[in-house]
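Worksheet: one structure, shown below.
Below, chain A is the first sequence line, B the second, and so on; all start at residue 1.
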2 protein chains.
Amino acid sequence: MARAGLTTERVTVAGAEVADEVGLDQVTMSRVARRLGVKDASLYTHVRSLEDLRGRIALLAADEKTVRIAEATAGRAGRDALIAFAGAWRDYAHEHPGRYAATQAPIRIDPDLVAKAPGPRRAIELTYTMLRGYGLAEPDLTDAVRLLRSAFHGFVSLEAAGSFAHRRSPQQSWVRALDALHTLLEHWPPPGEGDSR
Amino acid sequence: MARAGLTTERVTVAGAEVADEVGLDQVTMSRVARRLGVKDASLYTHVRSLEDLRGRIALLAADEKTVRIAEATAGRAGRDALIAFAGAWRDYAHEHPGRYAATQAPIRIDPDLVAKAPGPRRAIELTYTMLRGYGLAEPDLTDAVRLLRSAFHGFVSLEAAGSFAHRRSPQQSWVRALDALHTLLEHWPPPGEGDSR
DNA sequence: GTCGCTTCCTAGGAGTCCTAGGCATATCCT
DNA sequence: AGGATATGCCTAGGACTCCTAGGAAGCGAC
């Protein structure tokens, strides 16, 4: 009986593929094992548990998404960088819905694993870098980063859940939302009582 | 043997309680049955399947959240309404994390059930009502609604996932984000090439 | 009281996660 | 090259899950 040549990496990728194809909640040990032509018990040599596998998928996704964003924003600044950043984010979520869902799922991930994975931290750094051109200073910078991340994540989540049922296409709303966020970053309001006009 | 007096409503509420206490993915037929002092098979008289139960929890949550928002925004306008709306949204997510997660989970919900539940549709209407004071016209209105919903949902999702690990408290960022969104709604950019300054 | 409907039960099949222990295969050492 | 060691994948099985089928016990109507 020939060996299947499994490895933690291959199991994780197979799990990510299952997640993208049929949803994150369908990522089960037996299903991943079937895809790899192997019995489910065999996976436990490479992965501690189902929870562990899901965590690895989440980290894989975070890393991949970060790389995409880094490539897209390289050499860009200001408005161009914002659009490239957001576009890469949304494209990744569309292409890999299961992986993307894993990044948001309530999973306890092994801290050692997180420490090794550069994705999440680097994603934050990239956001700060992108905002450099807008001239924001702390703590406004952190607040702006959080708002942008919220808007991006919220948009693709609602989109994936089918919450944009209105006639207008999500794509159009997306473009206009980025317009609006760009404007907002250029006119970030000062602290204190928010005045009108 | 006395009857437990189950009903679809009671089963749904029990499921929602389990979701809030230990997470949506821990909502299982057996667990809900144990909480109700009943065998799991008994639940199938009131609920079609686990998927059906999850869908009902999602609709329950949508309705509850909508009611909260309606109460909070009643009689308010402009900035006050925006803050009350967003605050009610976030408070509900904090108080009922499992229910809130259900509203976002990838669940196929019985269309007939959805038609009867006023929550989702009314939530959208409330958002439009809240924005009335800002003088936006279609299609900007729809785009603004979508951006706001994205920002609110994204913020509470990231917050729940522990993605705001920076020193600055999420609460402070939340207040400033609402400042920023209020400003943005007052200066919603015109279509076309987004200019700077 | 008795009939009939609903509720809740017991029993059981199929699928899931995970552990324990065994055999076969790859790798290293001389 | 051949043997020792380590590793990969297996079978077997327990505990738990969802869900169905069919039976018994409580409730309301008459």
So, using salt bridge (charged side-chain N to carboxylate O under 4.0 Å, His left out) as the criterion, who are the partners of B:Glu51 when residues are at least two apart? none

Residues in salt bridge (charged side-chain N to carboxylate O under 4.0 Å, His left out) contact with B:Arg48, at least two apart in sequence or another chain: B:Asp110

Residue that, paired with A:Arg56, satisfies side chain to side chain contact (heavy atoms under 4.5 Å, CB included) out of A:Asp52, A:Leu59, A:Leu60: A:Asp52

Inter- and intrachain pairs under ring-ring contact (aromatic ring centres under 6.0 Å, His included), touching residues 11-52 of chain A, at least two apart: none

List in numerical order all residues of residues 49-58 of chain B for which some heavy atom is under 4.0 Å away from an atom belonging to DNA chain D. B:Ser49, B:Leu50

Provide the full list of salt bridge (charged side-chain N to carboxylate O under 4.0 Å, His left out) pairs with a residue in [range], sequence neighbours left out, each pair given once.
range: residues 139-159 of chain B; answer: A:Arg168-B:Asp143, A:Arg176-B:Asp140, B:Arg90-B:Glu159
range: residues 96-106 of chain A; answer: A:Asp20-A:Arg99, A:Glu64-A:Arg99
range: residues 66-78 of chain B; answer: B:Arg68-B:Glu95

Under the side-chain contact (heavy atoms from CB on, under 4.5 Å) rule, collect the residues that match up with B:Ala77, sequence neighbours excluded. none

Does A:Thr7 have any side-chain contact (heavy atoms from CB on, under 4.5 Å) partners at least two apart in sequence or in another chain, and if so, which? A:Glu9, A:Arg10

Could you check whether any side-chain N or O of A:Thr12 sits under 3.5 Å from a backbone N or O of A:Thr8, counting only pairs where one atom can act as donor and the other as acceptor? yes

Using a distance-only test with no angle check, is there a side-chain donor-acceptor pair under 3.5 angstrom linking B:Tyr128 and B:Thr142? yes

Short side-chain donor-acceptor distance under 3.5 Å, B:His182 and B:Tyr134: yes

Just to be sure I understand the geometry, which residues of residues 39-48 of chain A put a non-hydrogen atom under 4.0 Å away from DNA chain C? A:Asp40, A:Ala41, A:Tyr44

Within residues 23-31 of chain B, the residues having a heavy atom closer than 4.0 Å to DNA chain C are none

Enter the inter-axis angle for the ends of the helix from C:dG1-D:dC30 to C:dT30-D:dA1 (five pairs per end, rounded to 10°). 10°

